[in-house]
Amino acid sequence: MNEQTEREWFERIYQDHADMLFRLGRHLLGGQDDSALYDLMQDAFLDAWSKREKLMAHPNIGGWLALSLKNRAMSARQKAQRRGLRNAYSLDDEESAPVADTAMTPEQEALLGDRVAALRELLGEENAALFLAYAVDGCTAKEIGRRWGLSEDCVWMRISRMKRKLVAHPEIFYAMLLVAIGVG
């Protein structure tokens, strides 16, 4: 195919399917900022352009584009959810009071000690130390991996497993965090 034919094909699929992709993306992203949706749409169209030789003969290019956008939107949502969970288990929020600036009362220190002991009992000594480094000290998975001699993927897997265990024992984690940030 010549370049002119390819450009015409691309312009036609863009004109025919951009509105449908926008509506689908809005539905999939649940009303998030449209700039993220435009980025996903652009990526879907760029992917179509890079695969144009095969797609020019595709019987349902609209379906292919919709599936491409859906996969990208779902991946973006999963990444956002993981970021949200990571932030929920971390003290990296700039608006929260720094731990070092908050003096704990003796009662808070005792409660924190009890919660850390319960955390160690639930997760095991090494996993509890790893989780505290992540959730309270704010270390990255890369830093923890270097410290414990683990791959970054292994650290994320362990943190994920620990979070699932802690779901059944929120009193351990939340009380420990509240005391650590000076609220409890």
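Nothing fancy with the numbering, it's 1 onward along the sequence.
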Is it the case that one hydrophobic cluster holds both Y38 and F10, taking links as side-chain heavy atoms less than 4.5 Å apart, direct or via other members?
->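 Yes; tracing contacts between hydrophobic side chains, which count when under 4.5 Å, links both residues.
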
Path from F131 to W148 over hydrophobic side-chain contacts below 4.5 Å |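 Cluster IDs for F131 and W148 match.
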
Find the distance between [atom1] ([X]) and [atom2] ([Y]) and round it off to the nearest 0.5 Å.
X    : Y    : atom1 : atom2 : result
M41  : L65  : CE    : CG    : 9.5 Å
K142 : R147 : NZ    : CZ    : 15.0 Å
M74  : L40  : CE    : CG    : 12.0 Å
K70  : H27  : NZ    : NE2   : 11.0 Å
M162 : L122 : CE    : CG    : 10.5 Å
R161 : L123 : CZ    : CG    : 13.0 Å

Is there a side-chain contact between [X] and [Y], using heavy atoms and a 4.5 Å cut-off?
X    : Y    : value
K165 : N127 : no
K51  : W64  : yes
L37  : L21  : no
K163 : I159 : yes
L55  : I13  : no
L130 : L150 : yes
H58  : K54  : no
I144 : R158 : no

Return yes when atom CE of M20 has more than 12 non-hydrogen atoms of other residues, nucleotides or ligands closer than 6.0 Å, and no otherwise.
->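 Counting neighbours around CE of M20, more than 12 heavy atoms of other residues, nucleotides or ligands fall under 6.0 Å, so yes.
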
Answer yes or no: does atom OH of Y14 have more than 12 heavy-atom neighbours from other residues, nucleotides or ligands under 6.0 Å?
->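 No, the 6.0 Å shell around OH holds no more than 12 heavy atoms from other groups.
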
Step by step, work out the side chain to side chain contact (heavy atoms under 4.5 Å, CB included) result for W9 and I61.
-> CA-CA 11 Å; W9 169 82; I61 190 65; 4.1 Å; yes

Locate the shortest heavy-atom distance separating L69 from A44; write the atom from each residue and the value.
->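 Looking at all heavy atoms of both residues, the closest pair is N-CB, 4.3 Å.
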
Hey, mind stepping through R26 and D34 against side chain to side chain contact (heavy atoms under 4.5 Å, CB included) and telling me if it holds?
-> CA-CA 8 Å; R26 269 232 168 127; D34 284 347; 2.5 Å; yes

Using side chain to side chain donor-acceptor pair (under 3.5 Å) as the criterion, point out the one residue from R7, E8, E6 that pairs with Q4.
->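 Answer to the side chain to side chain donor-acceptor pair (under 3.5 Å) test with Q4 among R7, E8, E6: E8.
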
Are the side chain of R52 and the backbone of W49 linked by a donor-acceptor contact shorter than 3.5 Å?
->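 Between the backbone of W49 and the side chain of R52 there is a qualifying donor-acceptor contact (under 3.5 Å).
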
Residue pair E11 / Q15, side-chain donor-acceptor N/O under 3.5 Å |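 No - no donor-acceptor pair under 3.5 Å links their side chains.
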
